[in-house]
Amino acid sequence: MIRPMFSLKHTLESGQFFRWTRRGEGDYAVHTGRALFRARQEGGALRVEGASPEIAREFFSLDHDLTSIDAALRRDPKLRPALDAYPGLRLLRQDPWECTAAFILSIASNIPRIAGNIADLARVYGDLSRLGDVESHEFPGPRAFVDERELRRLKLGFRAAYLVQAGRLAAGGLLEEIEGLPTEEAKDALMVMPGVAEKVADCVLLFAYGRLSAFPVDTWIRKVMTEMHFGGRRVPDRAIRAFAQERWGDLAGYAQQYLYHWSRNAWTPASSRGRRAVSRV
DNA sequence: GGCCAGGTCCAAT
DNA sequence: ATTGGACATGGC
């Protein structure tokens, strides 16, 4: 395969996608939509088994001109540490329903738990796929989620009701209609779904529909943005989104993903600087 | 053990 | 148009 600016590791491990397992250094099994494949990256070359190069190219957004995106964002000095930390990190193009469900499950949760919830749903409702020695269940279609009690037994909590109702709307074709809409209208359409408000809608726009201007504001982005750009004072999320739009325009989504990943792993907030070092896994 | 987690919804200012 | 709590569950 070609060798664009790309890091499989940084892309998969940046918290935008939950259906992967690491098999070794630079070696991953990926399950997205109906595609189960193995992806390996050694010395820059990307090798894919179990899916066509077209599928991989689409999923990993290898058509994005990341060299230009990086150069443009790099003109912002405050973004450089995050850009330098994760060269080759790309926004994915995920399956819309799978992505919507995943970020409904993300509400007031954390990455390990989200991944666990998704794996449970797939195990219970999804068809089994095989690729060599890898077994993985497909993420179930929107019609699978009809029984809220059953979902609560899988420990989805209050998210269970959201998932059932969002599934109903998705089964009715809502997510297909969104494809051709301008981003603002697409966002309004997504927000018709229970459990989908500004933040989740922005995640779906960014991670599934390739709307690179979308800027999801979660607790981490709120923290890093208020400290870096608002003097540490709490401001409405809409002010943060407006600031991001103004500063990064159509690349705000890329800025967001680098900032998100960086703020969780490398960034030391001024509020805790000078105290004991924070240790993370 | 209380607090917070890639929030959302609803009711009461 | 804003603000405070409730909502399930798990991890620290």
Side-chain angles (χ1 to χ4, degrees), chain A residues 10-20 82 86 89 91-92 94 98-121 145 147-169 187-209 211 214-227 233-242 244 252-267 269 271-272 275-281:
Chain A
H10 295 151
T11 298
L12 289 178
E13 297 188 4
S14 65
Q16 55 180 318
F17 177 65
F18 310 97
R19 301 266 290 150
W20 55 269
Y86 306 110
L89 194 175
L91 263 354
L92 295 167
Q94 302 181 37
E98 205 170 291
C99 186
T100 301
F103 282 93
I104 285 174
L105 295 176
S106 80
I107 298 172
S109 187
N110 55 74
I111 289 176
R113 185 179 174 195
I114 298 163
N117 288 154
I118 293 172
D120 287 345
L121 290 170
F145 305 140
D147 187 345
E148 183 186 330
R149 299 224 176 284
E150 215 168 59
L151 296 180
R152 281 181 183 263
R153 261 177 247 131
L154 295 176
K155 306 303 183 186
L156 301 195
F158 58 82
R159 305 163 194 84
Y162 294 156
L163 206 53
V164 169
Q165 300 186 59
R168 227 194 302 279
L169 290 171
K187 185 166 175 175
D188 289 339
L190 283 169
M191 288 172 58
V192 166
M193 293 181 156
V196 180
E198 299 267 3
K199 191 272 175 183
V200 171
D202 279 331
C203 286
V204 176
L205 289 171
L206 186 58
F207 302 143
Y209 291 99
R211 307 303 174 96
F215 193 86
V217 177
D218 76 312
T219 66
W220 290 92
I221 288 294
R222 193 176 299 124
K223 192 180 305 184
V224 70
M225 288 293 286
T226 52
E227 180 155 321
R233 287 188 317 283
R234 174 94 204 226
V235 297
D237 290 349
R238 112 180 86 68
I240 298 175
R241 284 190 293 273
Y254 260 101
Q256 183 275 158
Q257 197 56 24
Y258 280 87
L259 282 174
Y260 174 77
H261 197 27
W262 178 68
S263 67
R264 287 170 46 90
N265 296 302
W267 178 57
S271 53
S272 75
R275 304 180 193 170
R276 71 175 160 74
V278 197
S279 66
R280 300 180 196 284
V281 184

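Just the heavy atoms: all of them, side chains too, but no hydrogens, waters or symmetry mates, feed the values below. The sequence lines fix the lettering, A, B, ..., with proteins before strands; numbering per chain opens at 1.
- We find that OH of A:Tyr162 is positioned 11 Å from C1' of C:dA8, with the value rounded to whole Å.
- Here B:dC9 is the nucleotide among B:dG6, C:dG10, B:dC9 with the atom lying nearest to any side-chain atom of A:Ala197.
- Within 4.0 Å of A:Val200, counting heavy atoms only, lie sugar-phosphate atoms of the nucleic acid but no base atom.
- Between C:dA6 and B:dC3, the two P atoms lie 13 Å apart (nearest whole Å).
- Per the geometry, CZ belonging to A:Arg159 stands 9 Å off P belonging to C:dT9, to the nearest Å.
- Residue contacts shown for A:Ile111 are limited to sugar-phosphate atoms, with no base heavy atom under 4.0 Å away.
- Atom CE of A:Met193 is separated from atom P of B:dC9 by 12 Å (rounded to the nearest Å).
- Each of B:dC9, C:dG10, B:dG6 was ranked by its minimum atom distance to the side chain of A:Asp218; first place goes to B:dG6.
- Residue A:Arg238 is in sugar-phosphate contact alone, with no base atom involved, counting any heavy-atom pair closer than 4.0 Å across all strands shown.
- Distance A:Arg241 CZ to B:dG7 C1': 12 Å, rounded to the nearest Å.
- Distance OH (A:Tyr260) to C1' (B:dG7): 13 Å, rounded to an integer number of Å.
- Of the candidates B:dG6, B:dG7, C:dG10, the closest approach to any side-chain atom of A:Asn110 belongs to B:dG6.
- The same atom, P, is picked in C:dG10 and in B:dC9; the two are 23 Å apart, to the nearest Å.
- Summarising the geometry, the separation between CD1 on A:Ile114 and P on C:dA8 is reported as 18 Å, rounded to the nearest angstrom.
- In this structure, A:Tyr86 and A:His10 have perpendicular ring planes: the angle between them is above 60°, well past the 30° mark.
- A:Gln16 has its side chain within reach of A:Thr11: a pair of non-hydrogen atoms, C-beta onward, lies under 4.5 Å apart.
- Summary of the strand contacts: A:Cys203 and A:Gly195 both lie near DNA chain B, and taking for each the nucleotide with the nearest heavy atom, the more 5' one is attributed to A:Cys203.
- In this structure, A:Phe158 atom CZ and C:dG10 atom C1' are separated by 12 Å, rounded to whole Å.
- Using a 4.0 Å heavy-atom distance criterion, A:Pro112 is classed as making no nucleic acid contact.
- Protein atom CZ of A:Arg264 is 5 Å distant from nucleotide atom P of B:dG6, rounded to whole Å.
- The same atom, P, is picked in C:dA8 and in B:dG1; the two are 24 Å apart, to the nearest Å.
- A salt bridge links A:Arg152 and A:Glu148; the closest N-O separation between the charged side-chain nitrogens and carboxylate oxygens is under 4.0 Å.
- A gap of 14 Å separates the P atoms of B:dC4 and C:dG4, to the nearest Å.
- Side-chain contact between A:Cys203 and A:Asp218 is absent, with no heavy atoms from C-beta onward closer than 4.5 Å.
- Checking the phosphate oxygens (OP1, OP2) of B:dG6, no side-chain nitrogen or oxygen of A:Arg222 falls inside 4.0 Å.
- Side-chain atoms of A:Gln257 come within 3.5 Å of backbone N or O of A:Ser14 as a donor-acceptor pair.
- Taking the six-membered ring where the residue is Trp, the centroids of A:Phe103 and A:Phe18 are separated by under 6.0 Å.
- Along DNA chain B, the nucleotide nearest A:Met191 and the nucleotide nearest A:Arg113 are compared for position; the residue whose nucleotide lies closer to the 5' end is A:Arg113.
- Residue A:Trp220 and nucleotide B:dG6 are not classified as a stacked aromatic pair, given the requirement of ring centres less than 5.5 Å apart at an interplanar angle below 30°.
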